[in-house]
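To start, the structure itself, in structure tokens.
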Amino acid sequence: MESLPTTISSKSDRRSRSSKSQNTSKPSLIMAFFSCVAWLYVAGRLWQDAEYRAVLNTVLKKNYDQRPKVLTVDDKLVILGCKDLERRIVETEMELAQAKSQGYLKNQKSGSSSGKKMLAVIGVYTGFGSHLKRNKFRGSWMPRDDALKKLEERGVIIRFVVGRSANRGDSLDRKIDEENRTTKDFLILENHEEAQEELPKKVKFFYSAAVQNWDAKFYVKVDDGVDLDLEALIGLLESRRGQDGAYVGCMKSGDVITEQGSQWYEPEWWKFGDEKSYFRHATGSLVILSKNLAQYININSGLLKTYAFDDTTVGSWMIGVQATYIDDNRLCCSSTRQEKVCSIA
């Protein structure tokens, strides 16, 4: 009778241990299941990556086999993606060369208000004290009033060229402005100071202003001490129409004066070499430039070097461009020959 409780207690313990064992085995099974799934996923990705690497290695090996062992410059340009850039650079250089031949003003129109293509712009140098000389020209070879307008209808512009006084707005400037309101035959260079020592710079301002105001075939600079046979000059220009790069005048050379205080002294004489001789250039009395050469001066006026005299200054600019030198002895104004375009006034 006393052993019965012991037996019942033992059975109860076994049932308790069996229940606990069943409860702990369920999470283990779940963890094992998820571990298997994770392993399968990782194995699948590793297998897939291995396939990708095999394909990539095949492509790289094929490209490597086809690539030359020694790369040329062109090969490197292709690899770097620069071939198209190289082509565009070449095209741009060709366009620049074409613009250069046209005077560096490709597709740019001049400032002619009428839009008409003129034959020539003739600029006659003058100064503040040359009123009587201007009236003499107006009464001789230079048309005035209605005759000046008719000449412009033929395609020829004539203007007296003058700068401004060092004291802007003084009586000298006011007299020029008043005369211009009456005659309407001036080209006033607003940015140029009118002075004898500034004449080499005046030629830059003249050609630049003329190009900006009128679209012409030729641009002519004339000294105020020269009489013109206007019809002969127009005929000469007509015969040269269509000739680009024309630098026309009475060509000369000569010694460079090195002694300070002497007439025609050149302060920068040492730049002209041991022989001290000027290069070939047109005399300053009458100089003709075709449109593209005048445009070149306009574009590069800020960089162009000037010397002591305007004729040698222009000649120095022409050395560096594709100018055609035309020596026409009809433009030698001091000559005694009968057939000529100009003469000393």
Side-chain angles (χ1 to χ4, degrees), residues 110-128 130-163 176-190 192 194 199 202-241 246 248-249 282-291 293-294 297-298 310 314 328 330-331 333 340-345:
S110 299
S112 177
S113 57
S114 65
K116 179 182 178 181
K117 188 78 170 181
M118 312 300 291
L119 173 64
V121 176
I122 302 172
V124 183
Y125 273 26
T126 191
F128 294 123
S130 300
H131 177 72
L132 294 178
K133 189 176 289 186
R134 289 192 292 271
N135 281 341
K136 176 186 174 183
F137 289 160
R138 292 184 184 114
S140 56
W141 65 265
M142 183 174 174
R144 60 191 307 175
D145 302 328
D146 291 341
L148 189 64
K149 293 180 181 179
K150 290 181 179 180
L151 184 65
E152 293 180 9
E153 292 175 0
R154 292 177 57 189
V156 178
I157 303 289
I158 302 180
R159 293 291 186 270
F160 288 111
V161 183
V162 67
I176 290 294
D177 289 336
E178 183 179 353
E179 184 177 347
N180 187 39
R181 280 192 292 270
T182 303
T183 61
K184 295 180 175 58
D185 58 5
F186 277 88
L187 173 59
I188 301 175
L189 307 176
E190 297 291 345
H192 174 66
E194 190 66 36
L199 281 177
K202 185 174 182 177
V203 74
K204 289 201 294 187
F205 287 105
F206 162 61
Y207 281 116
S208 295
V211 165
Q212 292 168 20
N213 282 279
W214 297 284
D215 184 10
K217 292 287 187 181
F218 298 98
Y219 297 85
V220 185
K221 176 257 178 183
V222 181
D223 274 351
D224 64 350
V226 171
D227 279 329
L228 284 181
D229 182 340
L230 187 57
E231 289 301 322
L233 177 60
I234 293 174
L236 185 153
L237 296 173
E238 286 284 4
S239 68
R240 299 286 179 184
R241 185 189 286 269
V248 190
T283 58
S285 300
L286 201 159
V287 181
I288 302 171
L289 297 182
S290 61
K291 177 181 177 179
L293 296 181
I297 295 173
N298 177 36
D310 56 358
V314 175
D328 194 326
R330 290 175 295 174
L331 302 177
C333 304
K340 60 181 182 177
V341 171
C342 58
S343 59
I344 301 300

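Nothing here was measured: the structure is a model prediction, and the numbers come from that model.
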Is there side-chain contact between [X] and [Y], with heavy atoms separated by less than 4.5 Å?
X: Leu289; Y: Ile297; value: yes
X: Leu236; Y: Leu331; value: yes
X: Thr183; Y: Leu148; value: no

So which heavy atom on Arg159 is nearest to which on Trp214, and how close?
CG-CH2, 4.0 Å

State whether the side chain of [X] and the backbone N or O of [Y] hold a donor-acceptor pair below 3.5 Å, judged by distance alone.
X: Asp328; Y: Arg330; answer: yes
X: Asp310; Y: Val203; answer: no
X: Arg241; Y: Phe218; answer: no

Looking at Ile158, Asp227, Leu230, Leu228, which one forms a side-chain contact (heavy atoms from CB on, under 4.5 Å) with Met142?
Ile158

Report yes or no: is the cationic atom of Lys221 (NZ for Lys, CZ for Arg) closer than 6.0 Å to the six-membered ring centre of Phe206, at no more than 45° off its axis?
no

In terms of ring plane angle, is the pair Phe160 and Phe137 parallel, tilted or perpendicular, where the classes change at 30° and 60°?
parallel

So does Arg134 pair up with Asp185, basic N to acidic O under 4.0 Å?
no

Give a yes or no on whether a salt bridge exists between Lys184 and Glu152, defined as a side-chain N under 4.0 angstrom from a carboxylate O.
no

Please lay out, stage by stage, how Leu293 and Tyr207 fare under the test side-chain contact (heavy atoms from CB on, under 4.5 Å).
CA-CA 9 Å; Leu293 296 181; Tyr207 281 116; over 6 Å; no

Calculate, to the nearest 0.5 Å, the distance between atoms CD1 and CG belonging to Ile157 and Leu119 respectively.
10.5 Å

